[in-house]
Amino acid sequence: MSPEDTPAPRSLAEALRARDDASLAALLRSRPDLITPVPTDLTQLATRAGTRASVVRALERLDRFALQTAQALAVAADPASYEELLGLMAGDERDPAVAGALPHALGVLREQALVWGGDDRLRLVRTARELLAPSPQHPSPTGLGPSVQEAAAGMSPGRIQEIVAAAGLASTHDAVSALAALTALFADRKRMTALLAGAPEESRQVLARLVWGPPYGQVTADPAAHLRWLLDRGLLLPTAPGTVVLPREVALHLRQGRAHREPEPLPPAVEAAKAHRPQVVDATAAGQALTALATVEELLKDWHEGGPAVLRAGGLSVRDLKRTAVALDVPEPVAAFWVELAYAAGLLASDGEADERYAATPAYDEWLTLPAQERWVRLAEPWLAATRTAGLVGGRDAKERALSALGPGLDRSAAPEVRHRVLTLLAALPEGAAPDPESVLARLHWERPQRREEDLRTRLARWTLEEAELLGVTGRGALAAHGRALLGLPAPDHTPRAEEPSGPGDKLPVHHHRRPAPTAPLSPAEQAAASAAAARLLAPLLPEPLDHVLLQADLTAVAPGPLQRPLADTLGVLADVESKGGATVYRFTPASVRRALDAGRSAADLHAFLAAHSRTPVPQPLAYLIDDVARRHGHLRVGAASAYVRCDDDALLNEILADKRSAGLRLRRLAPTVLAAQSDPATLLEGLRAMGFAPAAESAEGDVLIARPDAHRTPPRTPPEPVPDGPPVPDGALLSAAIRAIRAGDLASTTPRKPADDTSLAPGELPRTSAAETLATMQAAVLTGEAVWIGFVNAEGAASQRVIAPVRVEGGFVTAYDHTADEVRTFPLHRITGVAELADD
């Protein structure tokens with residue numbers, strides 16, 4: 001049978017039945033909710049595709065022009081021809097851009113099972129028509145009102161005849177033919193032009209105000225003459241007392257046939273605001289990536305011995321977020337981003353203790369041992385997939401509860417899609433081009449105009465641009481080479497081109513080579529390969545860790561770059577960080593030196609360490625500082641009495657007792673060389689140090705205690721799982737299995753069969769035969785080799801229809817080839833509800 005002879009489908013199920021496997025796979029891939037769970041047959045698939053929730057979700061994922069096409073079909077006749085749809089979209093003048101883009105948009109609607117039928121009988125699924133068609137409660141986005149037939153449904157036949165006569169038409173015997181004649185008049189361009197030529201100017205002004213919507217207006221009980229002229233001719237029709245509407249056919253004439261004021265067949269281009277050399281972009285992004293690693297490390301080092309307490313409702317308090325922002329020297333929103341990033345990467349979690357606090361996880365210690373480029377990938381990869389949105393911190397949820405960092409309520413399922421799409425749009429620009437943010441937002445709005453959380457998507461896009469810069473995915477606003485690799489794109493070619501701009505202020509030429517980008521997030525295996533490629537590209541851009549510092553006479557040390565791990569750790573104990581940037585400045589103070597001595601280092605150890613790691617001689621003031629603090633360190637000993645102080649120099653103890661600042665410690669002399677205190681040893685140590693002394697803690701045996709800070713770690717934790725935006729997109733194996741099952745189930749439900757006792761079963765009803773009849777039919781089928789139709793109930797009680805070819809019947813079981821599952825199976829006879837022979841054809 002030729003395609004011309006193929007009968008037109010009478011339902012969506014028949015239209016789906018005519019599709020090939022590739023087309024069905026495309027449908028299930030674009031609408032994954034249809035495959036959860038797998039439908040039993042194509043009729044069930046069509047029913048599920050027409051449910052309100054599924055149709056709403058499909059409409060939300062249409063681009064603007066495809067949605068405008070669906071909206072035009074909702075105000076067209078049902079069914080509509082392609083020519084009628086083209087007229088509604090391109091107007092009487094047949095806009096060539098619209099006419100060129102319409103086949104693709106219609107193809108998208110067909111692929112997603114929102115439209116079915118041939119070009120001569122296009123049908124929008126009923127649920128989509130109900131959602132998009134105009135009504136007083138839900139005005140159409142087209143601005144069109146009801147048709148003449150719909151608007152005049154409640155009018156009296158006499159009034160309809162009066163309108164027909166006033167419009168210059170011949171009277172009819174019934175209201176139906178009268179409304180049909182009026183509709184034909186309004187749809188006739190020449191006759192309508194002649195009718196409106198005689199309209200008063202005020203009447204034409206009223207029509208001009210209503211033509212693009214909203215189509216409703218208010219009138220008084222005694223309308224003015226220019227309104228009466230329109231009402232008498234049906235150009236305005238009453239819908240309720242005091243309310244009139246502009247009929248759809250009249251509006252389309254005034255619009256020259258167009259359903260939309262501004263059809264948007266082409267997506268707005270993402271424009272480049274600035275251009276930089278790709279090498280500059282990559283270097284800038286690499287520098288920011290290094291800063292990101294240092295910031296996360298500083299954050300977790302600050303929480304090394306146990307971080308802030310967890311709020312009762314979960315999350316970080318406002319005060320603790322402010323303290324973290326001050327410690328990192330960043331604004332609070334940026335501090336929230338770093339905290340959430342560490343949490344998403346699995347480096348930070350709550351410890352689960354009774355007094356619950358945040359702390360680093362064991363994964364943090366492993367992270368510290370990795371090379372810098374791999375540590376960056378461990379941050380960038382979860383950022384791409386995270387649904388937790390740091391930008392929401394400080395706002396309020398639907399119940400007006402404050403949203404806190406690390407707290408509940410920050411998941412937004414659209415975040416990964418928006419993040420990936422923004423970076424993909426940046427990847428489509430030439431290397432080194434920074435986009436105009438507003439053009440990125442315009443493009444995203446064109447691609448998803450129907451999303452209910454449109455404002456959220458706009459904010460997500462802005463946050464993505466900011467966070468990508470903070471993380472080092474972009475540099476100077478342009479996507480870096482390792483950022484492209486993270487998306488699964490090939491490494492860019494930095495070979496200079498003749499038309500490539502030479503400086504950051506140069507304008508970009510009009511035409512550029514653009515690399516294709518993935519349209520959806522990568523699979524886990526693809527993302528792992530992409531991350532490895534990103535690490536390889538980033539590695540040469542990062543400086544090698546240094547094994548030295550530059551000591552200066554003002555008690556500071558300058559690290560001209562990142563330091564090797566042991567050197568950085570020891571220097572972090574011996575000195576305080578004074579400033580950060582390209583070079584880190586450390587300052588030595590009595591407190592910092594004492595901290596190193598408390599950690600078990602001797603003065604000789606510190607002198608040797610500085611001499612080994614300084615490219616300049618150790619300055620004399622620094623050597624004196626170490627010796628002076630070491631000389632006094634441990635001269636006083638503090639132990640547990642509750643607490644005591646002992647010292648061989650009784651004059652020093654007399655000095656402590658005479659000092660007014662010691663009153664709060666409540667000291668009293670037990671012996672010439674021992675003072676007792678009511679406070680605990682830790683408070684006593686801090687109090688004496690605040691008075692300018694350098695005491696050392698001692699054990700019960702009298703040995704000096706080495707006060708190394710204990711690293712507080714949570715139990716092993718898994719990173720937070722992203723909240724999916726609906727069912728996941730099925731992979732190829734699942735699609736193949738699902739289509740095979742749907743086809744087989746459809747075969748079982750649609751195969752013609754002989755009626756039993758001249759009675760037909762209702763669709764979906766299982767055949768019913770006695771056990772003896774079932775056994776006899778099965779045995780006969782084994783001998784003839786014919787297939788039969790059975791009803792089967794499995795062990796869980798689920799009933800299904802199957803087409804089987806019996807091979808053997810014995811022991812209460814039938815072994816048969818199951819056409820539904822495309823494999824040989826064994827069926828217990830007592831679970832077969834009945835059997836019927838298939839029709840001869």
Those residues that, when tested against [X], pass side chain to side chain contact (heavy atoms under 4.5 Å, CB included) (two or more places apart):
| X | result |
| --- | --- |
| Gln256 | Asp92, Glu93 |
| Arg126 | Glu130 |
| Pro267 | Arg443, Trp446 |

Looking at [Y], is its backbone amide N or carbonyl O close enough to the side chain of [X] to form a donor-acceptor pair, meaning the two atoms are under 3.5 Å apart?
| X | Y | answer |
| --- | --- | --- |
| Thr142 | His260 | no |
| Arg48 | Leu34 | yes |
| Thr127 | Thr51 | no |
| Arg258 | Arg261 | yes |
| Glu271 | Pro435 | no |
| Thr193 | Arg189 | yes |
| Gln161 | Thr172 | yes |

To the nearest 0.5 angstrom, please state how far the [atom1] atom of [X] sits from the [atom2] atom of [Y].
| X | Y | atom1 | atom2 | result |
| --- | --- | --- | --- | --- |
| Leu195 | His253 | CG | NE2 | 8.5 Å |
| Leu237 | Met155 | CG | CE | 6.0 Å |
| Thr43 | Leu16 | OG1 | CG | 9.0 Å |
| Leu102 | Arg94 | CG | CZ | 10.0 Å |
| Leu59 | Leu67 | CG | CG | 6.5 Å |
| Ser177 | Leu182 | OG | CG | 11.5 Å |

Considering only residues two or more places apart or on different chains, which pairs with a residue in [range] satisfy salt bridge (charged side-chain N to carboxylate O under 4.0 Å, His left out)?
| range | answer |
| --- | --- |
| residues 155-172 | Arg159-Glu162, Arg159-Asp232 |
| residues 26-35 | none |
| residues 236-256 | Glu150-Arg248 |

Give me the atom names and distance for the closest heavy-atom approach of [X] to [Y].
| X | Y | value |
| --- | --- | --- |
| Ala152 | Leu179 | CB-CD2, 3.7 Å |
| Arg233 | Ile163 | C-CG2, 3.6 Å |
| Phe792 | Thr833 | N-OG1, 4.4 Å |

For residues 213-231, dump all side-chain donor-acceptor pairs below 3.5 Å to protein atoms at least two apart in sequence or in another chain.
from, atom 1, to, atom 2, distance (Å)
Thr220, OG1, Asp222, O, 3.1

Find out whether Leu144 and Leu246 are in side-chain contact, i.e. whether some heavy atom of one side chain is under 4.5 Å from a heavy atom of the other.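 Leu144 vs Leu246: side chains apart.
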Answer whether the closest heavy-atom distance between the side chains of Leu12 and Val125 falls below 4.5 Å.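 When only atoms from C-beta onward are counted, Val125 and Leu12 do touch, with a gap below 4.5 Å.
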Given side chain to side chain contact (heavy atoms under 4.5 Å, CB included), test Val115 with Thr69 step by step and report yes or no. CA-CA 10 Å; Val115 170; Thr69 303; over 6 Å; no
Electrostatic pair Glu447:Arg421 at N-O distance under 4.0 angstrom: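 Here Glu447 pairs with Arg421 in a salt bridge, since their nearest N and O are under 4.0 Å apart.
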What pairs of residues pass the side-chain hydrogen bond (donor to acceptor under 3.5 Å, both in side chains) test when at least one of them lies in residues 99-115, not counting sequence neighbours?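 For residues 99-115, and leaving out neighbouring residues, the side-chain hydrogen bond (donor to acceptor under 3.5 Å, both in side chains) pairs sorted by first residue read Arg110-Asp119.
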Qualifying residue, where the test is salt bridge (Lys or Arg N to Asp or Glu O under 4.0 Å) with Arg743 and the options are Asp41, Asp21, Asp20: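 Checked Asp41, Asp21, Asp20 against Arg743; only one passes salt bridge (Lys or Arg N to Asp or Glu O under 4.0 Å): Asp21.
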Take Arg191 and Leu169, measure what side chain to side chain contact (heavy atoms under 4.5 Å, CB included) needs, and give me the verdict at the end. CA-CA 11 Å; Arg191 288 196 291 164; Leu169 300 173; 3.7 Å; yes
Apply side chain to side chain contact (heavy atoms under 4.5 Å, CB included) to the pair Val56 and Arg52, showing each step before the final yes or no. CA-CA 6 Å; Val56 167; Arg52 183 180 180 88; 4.2 Å; yes
Side-chain donor-acceptor contacts of residues 73-91 below 3.5 Å, not counting sequence neighbours, with atom names and distances?
from, atom 1, to, atom 2, distance (Å)
Asp78, OD1, Arg123, NH1, 3.4
Ser81, OG, Glu84, N, 3.2
Glu84, OE2, Ala77, N, 3.2

Going by the rule side-chain hydrogen bond (donor to acceptor under 3.5 Å, both in side chains), which residues pair with [X] if we only count those two or more places apart in sequence or in a different chain?
| X | value |
| --- | --- |
| Ser23 | Arg19 |
| Ser203 | none |
| Arg204 | Glu201 |

Quick one, Ser140 with Gln71, criterion side-chain hydrogen bond (donor to acceptor under 3.5 Å, both in side chains). Give me CA distance, side-chain angles, the key distance, then yes/no. CA-CA 8 Å; Ser140 169; Gln71 292 164 352; over 6 Å; no
Quick check on side-chain contact (heavy atoms from CB on, under 4.5 Å): which of Thr458, Leu425, Thr464 does Val440 satisfy it with?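 Exactly one option meets the side-chain contact (heavy atoms from CB on, under 4.5 Å) with Val440, and it is Leu425.
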